[in-house]
Structures are given as C-alpha cells and as structure tokens.
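Hydrogens, waters and symmetry mates play no part in the numbers below; they use all other heavy atoms, side chains included.
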Amino acid sequence: MATLVATDAPTDPLERFRAEAREWLAANFPPSLKGKDNALASIEGPSEPTPDGEAWRKAMGEKGWGVPTWPREYGGGGLSRAEARILSEEMARIGAWNPIGGMGVMMFGPTLLEYGNEAQKREHIPAIAKADVRWCQGYSEPNAGSDLANLQMFAEDKGDHYLVNGQKTWTSGGQWADKCFALVRTDKSHKHEGISFLLIDMDSPGVEVKPIRMISGMSPFCETFFTNVKVPKENLVGEEGQGWTIGKRLLQHERTNLSGGGSRLMPSGPTLADIAKRYVGADEEGRIADPELRVRIAKFEMDWRAFLLTAMRVQAESKAAGGVSEVSSILKTVGTRLGQERAELLIEIMGMQGLGWEGEGFSPTELSNVRAWLFGKATTIYGGSTEIQNNVVAKRILGMLDHQ
C-alpha cells in the first residue's frame with residue numbers, strides 16, 4: 001500500500017514563486033527601511049545613502065528584481081508579468097519598496113532593449129538594472145516644447161564622432177546625471193526625418209548645467225548647454241534619422257509611468273481617510289466627521305482603484321502585444337489628474353497645517369506634502385501636456401482627422 005507523504009511545499013508554480021519571493025525578501029529587506037520610500041526622490045535628487053539603503057539597493061540589483069521583467073542576460077529578473085505582480089504584492093505586504101528607479105528604468109532602458117544594438121545593451125542595461133548610473137533626458141528646447149520636432153540642437157558628423165552644439169531645457173535631474181539620452185538634429189533639410197537619438201556623457205567637456213528653481217522650492221529641472229561636445233559614433237541608437245520614431249516610443253514608456261500606474265507619485269502609508277480622521281476628526285461610528293468630505297474621499301478612492309485596475313489590464317494587454325502603445329496617453333491624462341486631485345484633497349484635509357512652508361509649527365510630513373502639491377502642478381504639463389495627449393487620443397485611438 002502506497003504511503004502518502006505530507007508536504008507544505010506549494011505545487012502551483014506561481015505559489016512556489018511567492019514562497020521564494022517571501023523568503024528572499026525576509027532575508028534581504030532591512031526592517032529599518034519599512035515604509036521609508038521617498039516618492040519624490042527622483043525629482044528632489046539623490047539623498048545621502050545609508051548602510052541599510054545601500055545594502056538593499058545592491059541586493060535588489062544583484063537579484064535583478066529592481067527591473068523584474070527585463071531579460072536575465074542584461075541583469076534583469078527575467079520574471080513573467082504574473083511573477084512580477086506577485087513580487088510587488090509581497091513587497092507591499094512587508095512595506096518594502098523598489099530602490100532601483102529613475103529615468104533609466106522608466107524610459108531609456110525599455111527603449112534601448114527594443115532599439116539598441118547588442119553592444120549598447122551589454123554596456124548600459126546592467127548598470128541601469130543595478131542603479132549604478134543615473135540618466136537624464138535631453139528632449140525639450142527653448143523653441144521646441146510642445147512642437148518637439150522643431151528641435152535644433154545639431155550633431156555634426158565628424159567621421160568617427162559627432163560634434164554637438166545647442167541647448168536643452170527642462171532637463172530633469174541634469175545636475176545629478178551621469179549620462180543623457182537626447183534627440184538631436186543630424187539633418188537640417190528634414191524636420192522629423194532629420195532627428196537622431198544620441199547618448200551623451202554628462203561629464204564631457206562642453207556640457208554645462210544650470211538648475212531651474214521651481215515654485216515648490218526644488219530645482220529638479222535644468223537648462224543644459226552643449227558647446228562643441230564630442231560624442232562617439234557608437235553612441236547613436238538606431239540609425240540616423242530614426243530618432244523621431246525611437247523618441248516617440250520612449251515617450252510612451254514615460255507617460256505610462258507618469259500616469260501613476262506604478263504609484264510612484266501616489267505615496268504609500270496612511271490613506272486619505274486615516275489622515276482625515278486625524279485632522280478633521282471622527283464621529284461616534286468611527287467615520288470621518290465631515291460627511292461631505294467623507295463622500296469626496298470615497299469617490300476619489302473608487303476612481304483611483306478603478307484607474308489602477310485599468311492600468312494593470314492595459315499593461316498586461318500591451319505586454320502581450322509587444323509593448324506600450326498610444327493608450328499611454330489616456331493613462332497619463334487620467335493618472336496625473338487623479339494625482340493632482342489627491343494632493344488638493346490632502347491640503348484641504350490638513351487645513352492651516354497644509355499651508356506651511358517652514359517653521360517649527362509644521363511637521364516634516366506636512367511640509368513635504370505642501371511641496372509635493374506644488375510640484376504636482378507640473379505633472380499635467382511635462383511628458384506631453386494634457387492637450388497633447390488629447391490630440392494623440394483623438395488621432396491615434398479614435399481615428400479622428402483634421403478637416404478643413
């Protein structure tokens with residue numbers, strides 16, 4: 001007669017992965033970092049690393065789980081979308097956060113995986129996956145913002161290198177970046193077909209960065225000047241004249257991330273309801289004391305959760321179809337509007353405490369929320385304004401054409 005052996009090991013592959021992820025996180029995530037992720041870190045600039053923070057970054061980088069679905073051969077986790085979702089759930093369960101981020105992860109990495117040659121992938125992707133290199137974006141110019149294709153920064157062919165001259169503006173994190181992915185003009189006779197995608201070392205002679213101070217008090221953006229900057233030919237991604245195509249693909253990745261689908265601009269921690277009970281008070285049934293505010297918070301939470309579920313569905317469908325799409329414009333429009341709505345609600349909930357700029361009468365969290373509220377005003381502008389996204393949706397998704 002056969003003997004049955006009891007085992008606690010899960011038999012479902014996804015549940016086995018969940019057990020593996022839970023065990024690894026328990027062994028590698030420092031409890032001192034629980035819930036301390038800074039959602040604005042990418043715009044405030046790099047903070048002074050702590051021993052626990054560095055250990056966590058290195059552990060995630062070595063594991064490849066900072067970019068869980070990227071290929072293993074380039075330093076990624078090689079996980080399926082379902083496994084990545086489980087990893088995210090297990091991290092949220094213990095208050096862990098992803099220390100691998102920035103523009104290299106959000107925008108440049110996925111684009112390079114699609115358009116870069118093998119040598120470029122081997123050189124740049126592993127460093128992004130370990131957060132060893134910080135990237136910035138060179139797109140907008142003083143006369144090329146909404147009409148990005150009007151850019152004039154010129155890369156002159158000098159045989160084995162390009163000689164780059166021009167200016168970029170709104171260069172996010174330019175003063176902290178090691179490298180820049182930039183759209184440059186290589187042909188002055190064609191508007192769109194004359195644009196190329198070039199990688200530039202920010203420590204190259206001739207690169208000058210001037211931070212721009214914002215209303216929020218931060219200086220996350222810069223004016224960046226390029227004067228006779230030598231760039232090796234091997235730093236050209238794709239072919240000359242392919243920059244507009246590559247640049248648009250990168251913007252789809254950017255808009256998907258800026259939408260809030262990854263919750264980067266939606267801080268974890270206490271809910272709006274928890275915060276409202278602390279500042280406004282609760283009634284005898286434990287509900288928010290102000291009934292009107294209670295309804296508005298409930299509506300926001302429903303809208304936000306519905307948006308997140310939609311974003312997850314879109315991302316899964318886009319992954320199956322081979323990547324991001326024009327639908328990123330819808331996500332960006334809705335996600336950034338909801339982010340601004342949440343910030344407005346939070347300031348209203350805090351009352352006078354939500355209007356502080358400095359001084360002992362305000363907590364660090366209150367002051368941080370004020371700055372985040374002000375910074376959030378830009379989210380519906382950068383990465384392509386809401387008006388531009390509406391045009392993309394009308395033309396590319398709804399099929400509406402201009403008629404004279």
side-chain hydrogen bond (donor to acceptor under 3.5 Å, both in side chains) between Asn228 and Asn165, intermediate numbers included: CA-CA 5 Å; Asn228 293 325; Asn165 283 278; 3.1 Å; yes
For a salt bridge (charged side-chain N to carboxylate O under 4.0 Å, His left out) check, start with the C-alpha distance between Asp157 and Lys233, then their side-chain angles and the critical distance, and finish with the verdict. CA-CA 9 Å; Asp157 191 335; Lys233 277 288 185 70; 3.0 Å; yes
Between the main-chain N or O of Lys332 and the side-chain N or O of Thr336, is there a donor-acceptor pair closer than 3.5 Å? yes
Is the shortest side-chain heavy-atom distance between Val164 and Lys230 below 4.5 Å? no
Glu341 vs Phe300 side-chain heavy atoms within contact, under 4.5 Å: yes
For the ring pair Trp65 and Phe17, is the centre-to-centre distance below 6.0 Å? yes
Does a side-chain N-to-carboxylate-O contact under 4.0 Å join Arg122 and Glu73? no
Distance-only, no hydrogens or angles: does the Arg185 side chain make a donor-acceptor pair with backbone N or O of Ala149 under 3.5 Å? yes
Geometric cation-pi criterion, Arg249 with Trp244: 6.0 Å, 45°: no
Please assess Ser204 against Asp201 for the test side-chain hydrogen bond (donor to acceptor under 3.5 Å, both in side chains), listing each intermediate value before the final yes or no. CA-CA 6 Å; Ser204 300; Asp201 287 337; 4.7 Å; no
Carboxylate-amine/guanidinium proximity below 4.0 Å for Arg337 and Asp303: no
Side-chain touch Met202/Cys136, heavy atoms, less than 4.5 angstrom: yes
Looking at Glu344 and Lys377, is any side-chain nitrogen of the basic one under 4.0 Å from a carboxylate oxygen of the acidic one? yes
Got Met400 and Lys395 here, is their nearest side-chain heavy-atom distance under 4.5 Å? no
Residues Val295, Glu292; criterion side chain to side chain contact (heavy atoms under 4.5 Å, CB included); working and verdict: CA-CA 5 Å; Val295 170; Glu292 181 183 356; 5.9 Å; no
Kindly say whether Glu234 contributes a backbone atom to a donor-acceptor pair with the side chain of Gln120 at under 3.5 angstrom? yes
Taking Leu199's backbone N and O only, do any of them form a donor-acceptor pair with Asn235's side chain (distance below 3.5 Å, no angle check)? yes
Could you please spell out the steps behind the side-chain hydrogen bond (donor to acceptor under 3.5 Å, both in side chains) verdict for Thr171 and Thr224? CA-CA 7 Å; Thr171 312; Thr224 310; 3.0 Å; yes
Would you give the length of the straight line joining atom CG of Leu272 to atom CZ of Arg342, rounded to the nearest 0.5 angstrom? 4.5 Å
Tell me whether Glu83 is salt-bridged to Arg18, with the criterion being a basic N under 4.0 Å from an acidic carboxylate O. no
Does the side chain of Gln137 reach to within under 4.5 Å of the side chain of Ser172, using non-hydrogen atoms? no
Check Arg57 with Asp52, please: is the shortest side-chain N to carboxylate O separation under 4.0 Å? no
Evaluate the criterion side-chain hydrogen bond (donor to acceptor under 3.5 Å, both in side chains) for residue pair Glu366 and Tyr279; output intermediate values, then yes/no. CA-CA 12 Å; Glu366 289 167 347; Tyr279 281 90; 2.6 Å; yes
Measuring only between side-chain heavy atoms, which start at C-beta, is Val184 closer than 4.5 Å to Thr186? yes
Within the side chain of Arg72, is there an N or O that forms a donor-acceptor pair under 3.5 Å with the backbone of Leu79? no
Gln152 backbone acceptor or donor facing Glu141 side chain under 3.5 Å: yes
Tyr115 and Glu239: side chain donor to acceptor below 3.5 Å: no
For Val133 and Lys179, what are the C-alpha separation, side-chain angles and deciding distance, and is it a side chain to side chain contact (heavy atoms under 4.5 Å, CB included)? CA-CA 8 Å; Val133 174; Lys179 297 178 182 292; 4.1 Å; yes
Just do the side chain to side chain contact (heavy atoms under 4.5 Å, CB included) check on Asp178 and Asp203 with the steps written out, would you? CA-CA 7 Å; Asp178 304 296; Asp203 60 358; over 6 Å; no
Are Thr380 and Gln340 close enough that a side-chain donor and a side-chain acceptor fall under 3.5 Å? yes
Would you say Arg213's side chain and Pro220's backbone share a donor-acceptor pair under 3.5 angstrom? no
Determine yes or no for a side-chain-to-main-chain donor-acceptor pair under 3.5 angstrom, with Glu20 supplying the side chain and Glu15 the backbone. no
Counting only N and O atoms by type, is there a donor-acceptor contact under 3.5 Å from the side chain of Lys168 to the main-chain atoms of Leu183? yes
Just wondering, do Asn369 and Met350 contact through their side chains at under 4.5 Å, heavy atoms? yes
From CZ (Arg287) to CG (Leu293), nearest 0.5 Å: 13.0 Å
In short, Glu358 meets Leu367 closest at the heavy-atom pair N-CD2, 3.8 Å
Verify side chain to side chain contact (heavy atoms under 4.5 Å, CB included) between Cys222 and Gln175, making sure each step is shown before the conclusion. CA-CA 7 Å; Cys222 300; Gln175 69 269 54; 2.9 Å; yes
Any side-chain heavy atom of Ile200 sitting closer than 4.5 Å to one from Phe181? no
Determine, for Lys158 against Glu156, whether the closest basic-nitrogen to carboxylate-oxygen distance falls under 4.0 angstrom. yes
Partners meeting side chain to side chain donor-acceptor pair (under 3.5 Å) with Arg93 (sequence neighbours left out): Glu90
